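All values reported here derive from a predicted model rather than from experimental measurement. Just so it is clear: chains get the letters A, B, ... in the order the sequence lines come, proteins before strands, and each one is counted from 1.
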Amino acid sequence: MKSIRKFYHALAPTSSETFNYYISILRRCAIDGDICEARRAHFDMKLSGFPYLGLGNKLIDAYLKCGAVDDARKIFDEMPQPHVVSWNAMISYYIRSRRSQEAVNLYHRMVFHGVVADEYTFSCVLKAFADLGYVEEGRRVHGRLVINGLGSGNMFVGSALVDMYVKFGKLNEARAVFDQFGEKDVVLVTALIVGYVQNGEDRRAVLLFCDMVNGGVQANEFTFASVLIACGNLTELQSGMTIHGLIFKTGFECRNASQTSLLSMYSKCGLVDESLTVFSGIANRNTVTWTAMISCLVYHHREELALSVFRDMLRDSVMLNAFTLSTALRGCSTLALFEQGKSIHGSAIKIGLDRDRYVSAALIDIYGKCGRVGMARAVFDDLLGIDLVSINSMIYGYAQNSEGSKAVELFNMMIQSGLEPNHVTFTGVLSACSNAGLLEEGWRLFSSITNDHGLVPSIDHYACMVDLLGRAGKLGEAEELITKIKSPDKVLWRDIA
DNA sequence: ATAGGGTTAG
């Protein structure tokens, strides 16, 4: 190799043969991810006085494919006038590494230097805006795209735009972009289906899926995965099963995403056995697959089986994430399995997920249920931010352990910090009052549901109040309260009987 | 040469 290089250096440094020689080396580095060879070639060029910046695009590409951002960035910063391809390569690297802000910064520098952005640039930078929630800037760039005539021609740009508006919750604008495309491809349609699903428009998602199939666009595993969520949310078993058939017909039955979503669809439709069948047919189970199965079993009160599946998962050394931990904890919580809960807490600490808000809420819940309010409170106090579900769990913990005044105290603290309580909060704090016999406090809270928070008292809230009044021996007032409800529930009468 | 969509939880 060395001698070949010497030979090439003997030629004029800019000769096209030398040029092609380096191009072929760098291309190979990019394919093999061979960073050592890339550095060697780079060094060689420098040493021989080869004008290597002329190959800057290739060098940057090679370095980025090897994962060596810093090397790539150094070349990039050395280039007096980087080509738009270089800018795009750097920007797309930052997007792929979820360093969206750096991508945006680079884009701004690019504009400042007068480099004209192309379709590649836009498809990347729109994703960064979506990530960072930069609504105004996203809109501005969309406007510039339209002026440049790039708005409705390129499918990559189109789906990036649809995805961006979807992430901003602006479905009408996403649809407007979508409608500008005569021919639609699978990614463009999937982006909008996902948008409908994530914004609670499940019916529209299913209809769009049908349009797509009828229009001759072939769905893939991502499409199936998204539309199945919609079927599950609508508990439309029939549609779900039709799509199950379609998955088989088009050969996507081995794809993880569509299978996991299928499992979940059956779960939401109440067919646990179907979920188990789908699960057993999945060959390469990942964290999401396992978690979906455990979650299905916990939801349908098959906690023992859920925890056994969780143990299988641990035995398989599959990575756990916050979803897994919180779901497994919910399973333990129903059975009040304190030791198991503590052990999962240990795992959470070990992988640094003990402060995740879902995990924390589940921990507070299980410790509360197991009578360890102090441990629940320790998790609560360790939380980084205020979270409604965690506060609700903590209030429930106090309520279950007859520490009514502490529940009320926490409730007041919550109001002072400006967080709005919901129905669950009131059920918790009212049952705490009931357990502790805090009559006046209970009345005050009950009236504040409507007066201060604009909520309508639920049947649970009435039940708590009736319980509270009954315990205080105020049967007359309890009866009066019941007559105020338009359709009295039998439970209420049983409580004071 | 550089680019777009997905699955699991209160």
Side-chain angles (χ1 to χ4, degrees), chain A residues 23 26-27 30 55-62 64-65 72 82-93 95-96 117-127 130 154-164 166-167 185-195 197-198 219-229 232 252 255-265 267-268 279 282 285-296 298-299 320-331 333 356-362 364-365 387-390 392-393 396 422 424:
Chain A
I23 284 179
L26 292 174
R27 188 174 298 149
L55 282 178
N57 290 337
K58 291 281 177 197
L59 259 170
I60 287 173
D61 181 47
L64 289 178
K65 290 255 168 64
H83 190 266
V84 64
V85 171
S86 293
W87 287 96
N88 291 344
M90 288 304 304
I91 291 172
S92 77
Y93 172 84
I95 304 273
R96 274 199 308 278
D118 63 8
E119 289 102 322
Y120 288 81
T121 323
F122 286 121
S123 66
C124 285
V125 80
L126 289 169
K127 199 172 151 74
N154 184 299
M155 212 70 89
F156 285 85
V157 175
S159 36
L161 274 171
V162 168
D163 182 55
M164 179 184 77
V166 159
K167 296 224 165 84
D185 81 347
V186 59
V187 180
L188 186 70
V189 186
T190 307
L192 192 57
I193 290 178
V194 169
V197 174
Q198 289 179 348
N220 65 21
E221 60 171 327
F222 301 127
T223 328
F224 288 129
S226 324
V227 73
L228 280 168
I229 302 172
F252 285 96
R255 298 306 186 85
N256 213 307
S258 51
Q259 291 304 91
T260 303
S261 200
L262 195 58
L263 184 168
S264 253
M265 184 276 295
S267 170
K268 286 176 194 153
F279 179 72
I282 302 176
R285 296 169 187 162
N286 60 22
T287 305
V288 181
T289 317
W290 284 97
T291 307
M293 189 68 250
I294 296 166
S295 152
C296 163
V298 168
Y299 183 82
L320 308 175
N321 66 18
F323 284 71
T324 325
L325 294 169
S326 65
T327 308
L329 282 167
R330 299 266 168 219
S333 178
D356 175 272
R357 59 200 199 100
Y358 290 98
V359 175
S360 297
I364 293 165
D365 178 60
D387 178 68
L388 185 61
V389 177
S390 292
N392 287 349
S393 301
Y396 265 90
N422 63 9
V424 182

A.B. asks: Check residues 120-127 of chain A and write down every donor-acceptor pair under 3.5 Å in which the side-chain atom is one partner and the other belongs to a residue at least two apart or another chain.
C.D. replies:
{"from": "A/Thr121", "atom 1": "OG1", "to": "A/Asn88", "atom 2": "OD1", "distance (Å)": "2.6"}
{"from": "A/Thr121", "atom 1": "OG1", "to": "A/Asp118", "atom 2": "N", "distance (Å)": "3.0"}
{"from": "A/Thr121", "atom 1": "OG1", "to": "A/Asp118", "atom 2": "O", "distance (Å)": "3.4"}
{"from": "A/Thr121", "atom 1": "OG1", "to": "A/Asp118", "atom 2": "OD1", "distance (Å)": "2.8"}
{"from": "A/Ser123", "atom 1": "OG", "to": "A/Glu119", "atom 2": "O", "distance (Å)": "3.3"}
{"from": "A/Ser123", "atom 1": "OG", "to": "A/Tyr120", "atom 2": "O", "distance (Å)": "3.0"}

A.B. asks: Holding to side chain to side chain contact (heavy atoms under 4.5 Å, CB included), I want the full list of residues that pass it with A/Thr327, two or more places apart in sequence or in another chain.
C.D. replies: A/Thr291, A/Ile294, A/Ser295, A/Val298
A.B. asks: Is there a donor and acceptor pair, one atom on the side chain of A/Asn57 and one on the base of B/dA1, closer than 3.5 Å?
C.D. replies: yes
A.B. asks: Could you work out, with ring-ring contact (aromatic ring centres under 6.0 Å, His included) as the rule, every residue matching A/Phe224, not counting sequence neighbours?
C.D. replies: A/Phe252
A.B. asks: Tell me every residue that passes side chain to side chain contact (heavy atoms under 4.5 Å, CB included) with A/Ala72, counting only those two or more places apart in sequence or in another chain.
C.D. replies: A/Ile60, A/Tyr63, A/Leu64, A/Met90
A.B. asks: Looking only at side-chain N and O atoms, does A/Lys65 come under 4.0 Å of OP1 or OP2 in B/dT2?
C.D. replies: yes
A.B. asks: Output one letter per nucleotide in nucleotides 3-10 of chain B: B when a protein non-hydrogen atom lies under 4.0 Å from the base, S when only the sugar-phosphate is that close, - when neither is.
C.D. replies: BBBBBBBB
A.B. asks: Mind checking side-chain hydrogen bond (donor to acceptor under 3.5 Å, both in side chains) for A/Arg285 and listing every partner two or more places apart, or none if nothing turns up?
C.D. replies: none
